[in-house]
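Structure, as structure tokens:
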Amino acid sequence: MVMSSRFPIGVATTYKQPIVGFCCVILLSIYLVVTITGCQSTSSTRPPRGGNESPVYNDRNDPIGSVSQASLPEEFIRRLDLAHKPHFRVSPQNIRNYFEDWPSQQRGGFDRDPSNYVHTLSELVLNALHEPLRAITHVNNLRTEDQSQRRAKVVMLSYIYRWLDDCENSVRMLVSHEPRTEAESSEWSERIWSVFDGPCVYRSLTERITNNLTVQGWWDLAAIAVVSNSLHERAVQYRRWKVQYAQHLAARFPPAFFRTQHEVPKKIALLLPQSGPLSSAATAIKNGFFSAHLDTSVHHNSSIDVYDTTTTEITTLIAQVIEDGVDVIVGPLEKDNVRRILEKSAVSVPIVALNQPTSGSRLAPQNNLVQLAQVVEDDAIALASQINTQNLRRVLLVLGKDYWCVRAAIGFRNTLDDSVVVAAETVLSDLSRSTENVARLLNVTESTTRQTDIARVTRRTIEFTARRRHDVDAIVAFVDEDEFSAFSAALHYHFAGDIPVLLAEPTFRNVSRTGNYADGATFTTTPAQLYSIPLTTQIRESFADASVLYPLYVFGIDTYRTALHIEEVLKGGSVYGYTGYLRQDDNKTLVREPIWGTVEGRILKPRKHIKLREGLNRQLF
């Protein structure tokens, strides 16, 4: 493995011994630095590397002299926090902006000087962007002199583990620090909960055995956030949790998520087509919606009325249900109806639209309307973000014959960094020719053609084995299950089974089938697909068409959860859905962050963390 070019303080290097005169000069320089007070070291700002660098979120980019020595570890933590806003899409360049040339090393000071310690941490942050595992080892070996240095070390390690999607170690690291004051305890409780403010929360659905009661308490608390359908149910479950963990940090200093209080909507209008091409999908969504309503462990008096969108023009229907005194409107499902609503003035009642207008529609978002849709573009964006953050620079693209594959490919390409190259692309239009298609993709066909040409020119028989290309870091495939099976077999036939393969959620969507899959593939998916959840298990057993329309049933559950948390959502809050973690973008659309699965032991399992490829220096970011 290639060593990073950045050497933190304390990393041994080898140099020739200086001559005696040069040593005297060095000793004299040290003496002058120690005896002369009031001097401070500054360094020139490194010029930007290009015009596309992301701006610093906070204009406090303090030089070393404007932050007191004792405050440097806290300033280091502040910069880490700012570099990770927004937390759902971390920019490596933003991290570099905060830590390149900060702080300037006090080279004449003592080893215990806070500036030297923080300088070391800052260098290791930059190293971790390339070699996270090595950086973790170096940080763990650093000795701390006080509480503030210990805090800085713990926060940094927690962030690196989050880069690796290692939620368990991120939580464990933060729990290892014991806050001293009430103010620090409140802040630390929020910091630990921030790990669960995203897809990490779904790890709580896995049975775990730990000897650390505090760690177990945090994961049990996360499970409450996932399984609670309503805010009232969440509050009741939290009170029960406090009885079991009375001395827990989150019991004494509850995160803001568990302090939130809103009224549950008393009357909900569900607007769905009862006939036409979308009627089957609407029925599945409605069944999921009512299943979630009946599943809640805490009784509330919400009533649900269903309205048919095929018999009445949508704006007229909305005016009608508002007159009926509803608190929230869920629907419509049709794209055209959503567009018509956005074209009109905003109404007084919150609306959860179940689709998005056709791409390219330039309609201004409405403050009282959120758009919730289960679209493959969310998976494509997640795949592209994974390519970007793992610093994979050359990828191959494989598409299936279905239209969703084209949509996903467009979203994927639009999200890729400019530095990422799609080296080649193929479409699996005929499964019987999959081996030939993959051979062309891997340049095996080109290698065979060269051998044939050489043999013809030299008029000699040449012993030859076709070689596949070795200039790609990963393969991204938007294919269905059968196409993946054929494509995977062709990869192994051409000795390319070691290339990482990334897949989207539809590949393994068909829950009615099981199969033996080649190990190593990574894929986006939904929590309801990989985890055992009582409600979704009941749906599979209760509805005959759940084997085919299962994702729409789960979408119905998320629709219900969004409706019951509508006050939170309208203020920018997120929803822990069973299709994924739902967060808002600037257009008031609830974007779905999927979870990640992997194929291990020839079966589908949740991915525990990002697995780094050995021998590849560009490990992360």
Side-chain angles (χ1 to χ4, degrees), residues 73-74 76-77 80-81 84 87 121 132 136-137 139-144 146-228 233-260 527 531-532 574 576 581 595 606-609:
E74 293 304 316
F76 171 81
I77 294 174
L80 267 178
D81 291 340
H84 287 79
H87 68 85
L121 288 181
I136 287 173
T137 300
V139 177
N140 276 322
N141 291 334
L142 289 177
R143 291 183 297 178
T144 56
D146 54 39
Q147 182 82 347
S148 63
Q149 291 184 4
R150 168 66 180 165
R151 274 170 51 91
K153 176 179 177 177
V154 166
V155 171
M156 176 181 172
L157 285 170
S158 175
Y159 271 125
I160 297 177
Y161 280 124
R162 287 169 75 170
W163 296 350
L164 295 169
D165 202 25
D166 189 346
C167 310
E168 286 78 4
N169 272 322
S170 181
V171 172
R172 179 185 59 80
M173 184 54 57
L174 290 174
V175 168
S176 69
H177 173 75
E178 295 185 6
R180 301 287 182 86
T181 65
E182 287 193 2
E184 184 188 4
S185 297
S186 179
E187 181 269 333
W188 207 253
S189 180
E190 294 291 349
R191 182 176 294 281
I192 297 176
W193 183 253
S194 69
V195 179
F196 302 106
D197 187 18
C200 276
V201 74
Y202 299 104
R203 309 282 179 89
S204 64
L205 299 175
T206 302
E207 296 251 342
R208 67 187 68 249
I209 300 176
T210 175
N211 295 325
N212 191 320
L213 191 62
T214 303
V215 172
Q216 184 63 53
W218 280 109
W219 285 107
D220 288 349
L221 194 62
I224 292 174
V226 175
V227 301
S228 298
E233 183 179 358
R234 179 205 307 171
V236 171
Q237 295 292 345
Y238 174 67
R239 287 196 293 269
R240 294 173 182 170
W241 176 90
K242 285 178 67 175
V243 173
Q244 183 178 358
Y245 296 98
Q247 300 303 315
H248 196 277
L249 178 66
R252 295 178 290 116
F253 302 92
F257 179 79
F258 290 94
R259 300 196 307 270
T260 304
Y531 291 104
S532 176
S574 303
Y576 294 113
Y581 176 74
I595 65 170
R607 186 183 71 179
K608 294 182 179 179
H609 55 78

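Only heavy atoms go into these numbers, but all of them, side chains included; no hydrogens, no water, no symmetry mates.
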Parallel, tilted or perpendicular: rings of F257 and W193 (30°, 60°): parallel
Within-4.5 Å side-chain heavy-atom neighbours: R162 and S194: yes
Any pair counted as disulfide bond (SG atoms under 2.5 Å apart), so long as it reaches residues 151-226, sequence neighbours left out: C167-C200
Any donor-acceptor N or O pair under 3.5 Å, side chains D146, S148: yes
Test side-chain contact (heavy atoms from CB on, under 4.5 Å) applied to Y581 and I595, V226, D197, the passing residue: D197
Partner residues of D165 under the salt bridge (charged side-chain N to carboxylate O under 4.0 Å, His left out) criterion, sequence neighbours left out: R203, R607
Plane angle bin for H84 and Y159 - parallel if under 30°, tilted between 30 and 60°, otherwise perpendicular: parallel
Ring pair (Phe, Tyr, Trp, His ring centres under 6.0 Å) involving Y161 - partner list, sequence neighbours excluded: none
Those residues that, when tested against S186, pass side-chain contact (heavy atoms from CB on, under 4.5 Å) (two or more places apart): F253
Salt bridge (charged side-chain N to carboxylate O under 4.0 Å, His left out) partners of residues 151-161, not counting sequence neighbours, each pair once: E74-R151, R151-E184, R151-E187
N169 side, atom CG; L164 side, atom CG - distance, nearest 0.5 Å: 9.5 Å
Residues which pass side-chain contact (heavy atoms from CB on, under 4.5 Å) with V227, listed by chain and number, not counting sequence neighbours: L205, Y578
